[in-house]
Trainee: 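Structure provided below as structure tokens; questions to follow.
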Amino acid sequence: LEHFFYFASGMAMITAVLLSIRLVAEERQLETLVLLRTAPITERQIIWGKYLSALAFFSLTLVVSIYMPALIFVHGKVSILQIASGYLGLLLLGSACIAITLLASVWSGSQIMAGAIGGLMVTLLLVAWLLGQVTTEPLKGLFAYLALHNLHFGPFSRGVVHARDVAFYAGLTLLFVEAAVRSLESWGWRE
């Protein structure tokens with residue numbers, strides 16, 4: 001089951017990036033962002049609405065994949081809590097990747113650029129642990145902590161939920177969604 005969640009995390013990150021590249025970039029490309037701006041909603045409501053819709057769709061993709069752990073549960077020795085922990089980790093990891101790529105989508109004028117920038121940002125946060133391997137303290141600990149997957153996702157796949165890992169993903173998500181809000185607000189002055 002741990003291997004399933006490890007490989008599913010890679011697919012979850014790719015799915016999250018692909019889901020969110022078009023959230024704002026397509027609005028700008030089709031020139032419908034002006035319609036959103038003239039509606040009686042704020043930029044924060046636009047970004048959070050787009051983020052939550054992508055997260056809801058991402059959650060549905062996770063629900064579709066539940067058959068595999070269910071088969072292991074029926075024919076093996078795993079607990080429901082281990083499965084729930086793994087899926088919580090996938091949801092939090094995907095949530096952070098959606099937020100990161102949403103920021104890239106706000107920055108980009110096309111979906112291709114949003115995908116490239118979002119994928120690059122997720123990849124940089126994914127391989128930050130490699131920088132931790134070749135540096136000395138205190139940078140070693142900092143890069144290891146900033147890594148998107150290694151330190152924080154591992155416990156979820158083993159059935160362990162730590163508050164620090166939940167806080168890391170929630171904080172990362174909040175940081176990038178709010179950065180997207182600020183970026184969209186600043187784009188309003190330029191357009």
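Computed from a prediction, not measured in an experiment: that's the story for all the values here.
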Trainee: Look only at the side chain of T101 and the backbone of C97, and say whether a donor-acceptor pair between them is shorter than 3.5 Å.
Mentor: yes
Trainee: Is the number of heavy atoms from other residues, nucleotides or ligands under 6.0 Å of Y145 OH greater than 12?
Mentor: yes
Trainee: Given 3.5 Å as the limit, does a donor-acceptor pair link the side chain of Q45 with the main chain of T42, or not?
Mentor: yes
Trainee: Please determine whether the number of non-hydrogen atoms from other residues, nucleotides or ligands lying under 6.0 Å from atom CG of L175 exceeds 12.
Mentor: yes
Trainee: Work out which heavy atom in S183 is nearest to a heavy atom in W107; give both atom names and the distance.
Mentor: OG-NE1, 3.1 Å
Trainee: What distance separates L125 CG from F143 CZ, expressed to the nearest 0.5 Å?
Mentor: 11.0 Å
Trainee: Quick check on the 6.0 Å ring-centre criterion: do H149 and F156 meet it?
Mentor: no
Trainee: Heavy atoms only: give me the nearest A96-Y169 pair and the separation to one decimal.
Mentor: CB-CD2, 4.2 Å
Trainee: Do you know which of L23, L184, L19 makes side-chain contact (heavy atoms from CB on, under 4.5 Å) with L102?
Mentor: L23
Trainee: Rounded to the nearest 0.5 Å, what separation is found between the CZ atom of F4 and the OG atom of S9?
Mentor: 10.0 Å
Trainee: For L93 and F153, work out which heavy atoms get closest and say how close.
Mentor: CD2-CD1, 4.2 Å
Trainee: Which residues satisfy the salt bridge (Lys or Arg N to Asp or Glu O under 4.0 Å) test with R158, sequence neighbours excluded?
Mentor: none
Trainee: In terms of hydrophobic clusters joined by side-chain contacts under 4.5 Å, are L120 and V122 together?
Mentor: no
Trainee: If the threshold is 4.0 Å, N to carboxylate O, is there a salt bridge linking E43 and R182?
Mentor: no
Trainee: Quick one: do L60 and L91 end up in the same hydrophobic cluster if we chain Ile, Leu, Val, Met, Phe, Trp and Tyr together by side-chain heavy atoms under 4.5 Å apart?
Mentor: no
Trainee: Report yes if the side chains of V24 and I46 come closer than 4.5 Å at any heavy-atom pair, otherwise no.
Mentor: no
Trainee: Say whether, by atom type as modelled, one donor and one acceptor occur between the side chain of S108 and the main chain of S105 under 3.5 angstrom.
Mentor: no
Trainee: Does the pair S95 and T173 meet the rule for a side-chain hydrogen bond (donor to acceptor under 3.5 Å, both in side chains), with working shown?
Mentor: CA-CA 6 Å; S95 170; T173 300; 3.3 Å; yes
Trainee: Taking NZ, NE, NH1 and NH2 as the nitrogens, is one of them in R22 or E27 under 4.0 Å from a carboxylate oxygen of the other?
Mentor: no
Trainee: Mind checking the CE-CG spacing from M13 to L18? Nearest 0.5 Å is all I need.
Mentor: 12.5 Å
Trainee: Answer whether the closest heavy-atom distance between the side chains of I117 and I21 falls below 4.5 Å.
Mentor: no
Trainee: Let's go through L172 and L148 carefully: what are the C-alpha distance in whole Å and the side-chain angles of both, what is the deciding distance for side-chain contact (heavy atoms from CB on, under 4.5 Å) to 0.1 Å, and is it a yes or a no?
Mentor: CA-CA 9 Å; L172 195 64; L148 194 58; 3.4 Å; yes
Trainee: Please give me the minimum heavy-atom distance between S85 and P155, naming the atom from each residue.
Mentor: OG-O, 4.3 Å
Trainee: So if you build clusters from Ile, Leu, Val, Met, Phe, Trp, Tyr with side-chain heavy-atom gaps below 4.5 Å, do I14 and L124 land together?
Mentor: no
Trainee: Search all heavy atoms of Y51 against all heavy atoms of I98 and return the closest pair with its distance.
Mentor: CD1-CG2, 3.6 Å
Trainee: Determine whether the aromatic ring centres of F5 and Y87 lie less than 6.0 Å apart.
Mentor: yes
Trainee: Any non-hydrogen side-chain atom of H152 less than 4.5 Å from a side-chain atom of L92?
Mentor: no
Trainee: Find the distance between CD (E178) and CH2 (W48) and round it off to the nearest 0.5 Å.
Mentor: 6.0 Å
Trainee: Under 4.5 Å between side-chain heavy atoms, counting indirect links through other Ile/Leu/Val/Met/Phe/Trp/Tyr residues: same cluster for F57 and L88 or not?
Mentor: yes
Trainee: Do L90 and L52 sit in one hydrophobic cluster, given that two such residues count as connected whenever their side-chain heavy atoms are within less than 4.5 Å of each other, even indirectly?
Mentor: yes
Trainee: Do you know the tightest heavy-atom contact between G119 and V17?
Mentor: N-CG1, 4.3 Å
